[in-house]
Asker: 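Sharing a structure, written as structure tokens. Questions coming.
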There are 4 protein chains.
Amino acid sequence: MYWVEALRRDKEEVRERIIKAAMRVFSTMGYFQAPASLIAKEASVSKGLLFWYFRSKDELILEVAKRSLPIDILKKCLKDGREGADLLYCIGRGYLEKYQDIIHRNLILHTLSIRTLYPQVEENLRDMCEDYTRRVAVRAFGDDSPISRVKIRTFFGSLLCYTLRPPKDIPVDDYLDMLIKVLMK
Amino acid sequence: MYWVEALRRDKEEVRERIIKAAMRVFSTMGYFQAPASLIAKEASVSKGLLFWYFRSKDELILEVAKRSLPIDILKKCLKDGREGADLLYCIGRGYLEKYQDIIHRNLILHTLSIRTLYPQVEENLRDMCEDYTRRVAVRAFGDDSPISRVKIRTFFGSLLCYTLRPPKDIPVDDYLDMLIKVLMK
Amino acid sequence: MYWVEALRRDKEEVRERIIKAAMRVFSTMGYFQAPASLIAKEASVSKGLLFWYFRSKDELILEVAKRSLPIDILKKCLKDGREGADLLYCIGRGYLEKYQDIIHRNLILHTLSIRTLYPQVEENLRDMCEDYTRRVAVRAFGDDSPISRVKIRTFFGSLLCYTLRPPKDIPVDDYLDMLIKVLMK
Amino acid sequence: MYWVEALRRDKEEVRERIIKAAMRVFSTMGYFQAPASLIAKEASVSKGLLFWYFRSKDELILEVAKRSLPIDILKKCLKDGREGADLLYCIGRGYLEKYQDIIHRNLILHTLSIRTLYPQVEENLRDMCEDYTRRVAVRAFGDDSPISRVKIRTFFGSLLCYTLRPPKDIPVDDYLDMLIKVLMK
DNA sequence: CATGAATGAGCCTTCATTCAT
DNA sequence: AATGAATGAAGGCTCATTCAT
């Protein structure tokens with residue numbers, strides 16, 4: 001039945017609209033300063049509907065928090081089968097591009113900040129910092145020895161630090177070049 | 001007059017007790033989830049008194065936020081006149097020691113998260129990421145060329161990333177050794 | 001036409017199912033604590049359909065409230081043409097049987113509690129406490145003198161009090177025996 | 001210190017004012033239909049203050065529910081050392097007087113209605129219907145045999161039934177006379 | 001300085017009811 | 001008839017802040 005599909009698409013569309021609105025609002029106000037009512041208004045739905053799609057504000061926070069992390073980028077670059085510097089470039093570019101957007105740039109910090117309050121966020125982070133770090137290390141440097149993992153962490157940390165406050169006289173691409181050169185030496 | 005001094009010390013002592021209590025409470029609950037009343041109770045003072053020492057919760061937040069950043073460490077290591085790897089070691093050790101404490105570890109992320117809401121926090125951060133970065137670069141590598149600054153940022157980012165989630169099988173000292181080795185190559 | 005009958009039976013069946021579900025839910029949660037959505041779920045119909053059968057929640061409340069009173073029992077025993085102690089036994093047995101069911105036991109109190117809010121409930125109660133009391137008095141004691149009516153009220157009150165909290169060491173039948181003996185003396 | 005006493009009296013006075021207001025509002029609207037804000041307004045205090053004196057609406061409900069039962073009357077008449085018909089008269093008069101007030105008359109039914117939702121109310125009721133019933137039986141009839149307890153329950157039930165809907169042509173005192181005569185025969 | 005009662009704005013959430021499909 | 005998405009009005013409760021004492 002066509003219309004069933006249409007309805008499902010509709011529902012997904014509304015849900016997505018709410019999430020996008022939440023990302024904008026959370027980004028500027030923070031997860032706890034942003035009232036659900038404002039998100040609803042930003043998404044052009046009633047407050048009641050927001051709670052139809054998300055049982056609680058926390059559920060919405062979790063959804064946004066998940067999207068705010070760079071896990072998607074790690075996943076993609078690893079799936080593409082990249083190796084060595086190529087892998088780092090893939091990740092670095094993806095990362096810098098994602099967090100060029102001020103919305104994501106703010107969100108990731110809010111998310112890091114609430115990690116101790118939301119076990120699920122903590123777990124996502126654990127995944128990223130341990131599992132993925134290890135896999136990236138293996139693919140980038142051939143092993144997951146401490147030194148390799150230190151480098152990967154350093155890589156991530158540097159990217160985070162860049163997006164947190166991009167130095168105006170160092171273009172994105174240059175930064176990435178230099179960073180990877182330092183780490184691959 | 002002695003008693004004036006004593007009173008001032010008293011006042012300072014209470015003020016300090018409130019700040020310390022606030023750090024504990026903010027650390028676990030976040031700046032906006034933590035009610036002022038809880039901080040007062042934690043500091044064993046009345047809610048009214050808290051607002052006597054700090055005109056508003058925001059004022060208290062700002063005080064705590066300031067202390068949560070590693071500026072004090074940068075300042076100290078720079079004042080000590082250290083150079084090269086020695087400077088990095090000084091900073092690294094100070095940093096890792098400060099953020100060994102879970103209270104500071106949580107607080108710094110909360111602080112980064114609210115930077116867009118509090119111009120003063122933003123400014124502190126700007127200071128750290130631009131001014132101090134540059135000065136550290138000069139003292140560590142002899143110049144503040146882009147590559148040097150990239151390294152310093154990378155250094156800070158790596159430390160942040162370490163404290164955010166210390167890998168259990170890499171001791172603090174080893175981590176710092178490896179990190180500095182990578183950067184000084 | 002058969003199918004018309006079938007449909008009507010269907011409609012009646014659904015309506016009845018909703019009422020029964022409402023009785024269960026109202027019984028445990030009370031009229032105002034019980035959300036219409038829960039009743040719908042309990043009746044395995046959609047929320048929308050519930051409001052198709054009952055224009056408002058109040059309408060449903062009224063229907064349930066009516067059934068929760070022992071009017072049906074009074075009616076039946078009076079119609080059967082019983083008299084004297086026989087009438088009281090008929091009512092007493094019917095009453096105790098109906099309110100053996102915890103659902104009705106709870107409901108009747110909820111109903112008494114909302115009598116001032118719903119004129120219709122108030123009226124049902126008036127009927128029961130005045131009209132029926134009088135008729136039962138006449139049939140049980142031969143007149144509706146004050147003393148007779150006091151006895152009938154006392155009879156009803158005692159039954160209510162029994163069901164409200166049945167003493168575990170006094171069986172239903174014994175209780176009724178003793179009660180009627182006291183009143184008929 | 002005088003003013004400490006004064007303050008305590010003040011606090012008690014406000015608390016009492018809130019409870020009294022709650023009794024009025026709960027009485028006419030029911031426990032769950034009555035918004036806390038209305039109670040606050042009725043008590044001439046802010047909504048916030050209501051929740052300063054009572055941690056939650058439920059706490060207030062419990063306080064009111066407790067006062068709505070006739071336990072105080074039973075206690076008093078028992079303590080006075082009354083016996084036989086005299087005890088029943090004491091209880092009956094106290095009861096009828098208390099529930100002459102429409103506020104209490106409504107409240108007791110609301111309270112009975114929520115007994116399954118609030119364990120504490122249930123317990124109060126258990127006390128009244130079992131413990132006290134037994135003690136009254138012993139003092140009124142010399143023993144707590146089933147027949148004596150049935151009479152006491154019948155006594156209470158009749159009083160409840162009277163207040164629930166006082167017959168206009170039977171004065172309070174006459175009703176009580178007749179009731180006690182029936183039971184003491 | 002110190003207390004804690006008092007205020008009121010605002011937030012999350014629930015829920016009766018409507019309506020497009 | 002039937003569904004469930006959509007709405008909006010409350011409601012309970014929290015909390016920063018003030019103020020009388």
Side-chain angles (χ1 to χ4, degrees), chain A residues 1 3-4 6-8 10-11 14-15 32-40 44-61, chain B residues 7 10-11 14-15 32-41 44-61, chain C residues 7 10-11 14-15 32-41 44-61, chain D residues 1 3-4 6-8 10-11 14-15 32-40 44-61:
Chain A
M1 260 103 97
W3 61 270
V4 170
L7 274 184
R8 180 169 319 147
D10 251 33
K11 274 191 65 171
V14 172
R15 197 185 138 87
F32 304 126
Q33 298 275 82
S37 58
L38 191 59
I39 295 171
S44 305
V45 298
S46 67
K47 218 191 327 175
L49 196 58
L50 193 154
F51 286 93
W52 171 267
Y53 281 92
F54 298 88
R55 229 159 321 180
S56 68
K57 193 187 168 187
D58 275 357
E59 209 171 297
L60 183 53
I61 288 180
Chain B
L7 274 184
D10 249 34
K11 273 190 65 171
V14 172
R15 201 185 134 86
F32 304 125
Q33 300 274 84
S37 57
L38 190 60
I39 295 170
K41 193 186 292 178
S44 305
V45 299
S46 69
K47 219 186 331 171
L49 196 58
L50 190 153
F51 281 93
W52 166 261
Y53 280 94
F54 298 88
R55 213 154 331 179
S56 69
K57 192 186 169 188
D58 276 356
E59 213 171 295
L60 184 52
I61 288 179
Chain C
L7 275 184
D10 250 33
K11 275 189 65 171
V14 172
R15 201 184 134 86
F32 304 124
Q33 298 275 82
S37 58
L38 190 60
I39 294 170
K41 195 187 288 177
S44 304
V45 299
S46 69
K47 218 187 329 173
L49 196 58
L50 191 153
F51 281 92
W52 198 85
Y53 280 93
F54 298 87
R55 214 156 327 177
S56 69
K57 194 187 167 187
D58 276 356
E59 213 172 295
L60 185 52
I61 288 180
Chain D
M1 261 104 97
W3 61 271
V4 169
L7 274 184
R8 181 167 319 146
D10 250 34
K11 273 192 67 172
V14 173
R15 199 185 137 87
F32 304 125
Q33 298 275 84
S37 58
L38 191 59
I39 294 170
S44 304
V45 299
S46 67
K47 215 189 335 170
L49 196 58
L50 191 154
F51 286 95
W52 171 267
Y53 282 92
F54 298 87
R55 230 160 322 179
S56 67
K57 192 187 168 186
D58 275 358
E59 210 171 297
L60 184 52
I61 288 180

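The structure displayed is predicted, hence computed values, not measured ones. Chain naming here is simple, since letters A, B, ... match the order of the sequence lines and numbering starts at 1 in each.
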Asker: In Å, rounded to the nearest 0.5 Å, how long is the span from NZ of Lys47(D) to CG of Leu38(D)?
Answerer: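 Reported value, rounded in 0.5 Å steps: 11.5 Å.
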Asker: Rounded to the nearest angstrom, tell me the gap between atom CZ in Arg55(B) and atom P in dC19(F).
Answerer: 14 Å
Asker: If every non-hydrogen atom of Phe51(B) is compared with every non-hydrogen atom of Ser56(B), which pair is closest and at what distance?
Answerer: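 Minimum heavy-atom separation between Phe51(B) and Ser56(B): CE2-CA, 4.0 Å.
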Asker: Which nucleotide in the list dT17(F), dG4(F), dT7(E) gets nearest to the side chain of Ser46(C)?
Answerer: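 The listed nucleotide nearest to Ser46(C)'s side chain is dG4(F).
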Asker: Find the partner of dA1(F): check Watson-Crick (N1-N3 plus N6-O4 or O6-N4) and G-U wobble (N1-O2, O6-N3) distances, both under 3.5 Å, and reply none if neither fits.
Answerer: none
Asker: I want to confirm an ordering. Mapping Lys47(B) and Ala36(D) to their closest nucleotides on DNA chain F, which one lands closer to the 5' end?
Answerer: Ala36(D)
Asker: Whole angstrom is fine here: how far is it from CG in Asp58(A) over to C1' in dC11(E)?
Answerer: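 It is 13 Å, rounded to the nearest whole Å.
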Asker: Which one, dA16(F), dA16(E), dT3(F), comes nearest to the side chain of Leu49(C)?
Answerer: dT3(F)
Asker: Among dG8(F), dA6(E), dC12(E), which is the nearest nucleotide to the side chain of Phe51(A)?
Answerer: dC12(E)
Asker: What is the pairing partner of dT7(F), taking Watson-Crick or G-U wobble pairs with both distances under 3.5 Å in any strand?
Answerer: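 Across any shown strand, dT7(F) pairs with dA16(E).
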Asker: In whole Å, I'd like the distance from the CH2 atom of Trp52(B) to the C1' atom of dT3(E).
Answerer: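 Distance, rounded to whole Å: 13 Å.
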Asker: Atom CZ of Arg15(D) to atom C1' of dA6(E): distance rounded to whole Å?
Answerer: 17 Å
Asker: Between Phe32(B) and Leu50(C), name the one whose nearest nucleotide on DNA chain F is closer to the 5' end.
Answerer: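 On the 5' side of the pair lies Leu50(C).
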Asker: Tyr53(C) and Lys11(C): which non-hydrogen atoms are nearest, and at how many Å?
Answerer: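 Heavy atoms only, the tightest pair is CE2-O, 3.6 Å.
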Asker: Once you apply a heavy-atom cut-off of 4.0 Å, does Ala40(C) come out as touching a base, just sugar-phosphate, or nothing?
Answerer: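 It contacts nothing in the nucleic acid.
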Asker: Once you round it to whole Å, what is the distance between P of dC15(E) and CG of Leu60(C)?
Answerer: 15 Å
Asker: In this structure, how many angstroms lie between the P atom of dC11(E) and the CG atom of Leu38(A), rounded?
Answerer: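 After rounding, the reported distance stands at 9 Å.
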Asker: Do any side-chain nitrogens or oxygens of Lys57(B) fall under 4.0 Å of OP1 or OP2 in dA16(F)?
Answerer: yes
Asker: Do the side chain of Lys57(B) and the main chain of Ala34(B) share a donor and acceptor less than 3.5 angstrom apart?
Answerer: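 Yes, the answer is positive, given that a donor and an acceptor are paired below the 3.5 Å cut-off.
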Asker: Under a 4.5 Å cut-off applied to non-hydrogen side-chain atoms, are Phe32(B) and Ile61(B) in contact?
Answerer: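 Of all side-chain heavy-atom pairs linking Ile61(B) with Phe32(B), at least one is under 4.5 Å.
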Asker: Taking CD1 from Ile61(D) and C1' from dG11(F), how many angstroms apart are they, rounded to a whole number?
Answerer: 12 Å
Asker: By nearest nucleotide on DNA chain E, pick out whichever of Ser44(B) and Val45(D) is the more 5' one.
Answerer: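 Here Ser44(B) is the residue nearer the 5' end.
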Asker: Do Ile39(B) and Val45(B) make a side-chain contact, defined as non-hydrogen atoms from C-beta onward lying under 4.5 Å apart?
Answerer: no
Asker: With the side chain of Ser56(A) defined as its heavy atoms from C-beta on, choose the nearest nucleotide among dG8(F), dT13(E), dT14(F).
Answerer: dT13(E)
Asker: Give a yes/no on whether any side-chain N or O of Tyr53(A) is located under 4.0 angstrom from OP1 or OP2 of dA6(F).
Answerer: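 Result: yes.
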Asker: Rounded to whole Å, how long is the line connecting atom CD of Gln33(D) with atom P of dG12(F)?
Answerer: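 Value for this atom pair: 11 Å.
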Asker: Can you find an N or O donor on one side and an acceptor on the other, under 3.5 Å apart, linking the side chain of Lys11(D) with the base of dG4(E)?
Answerer: no
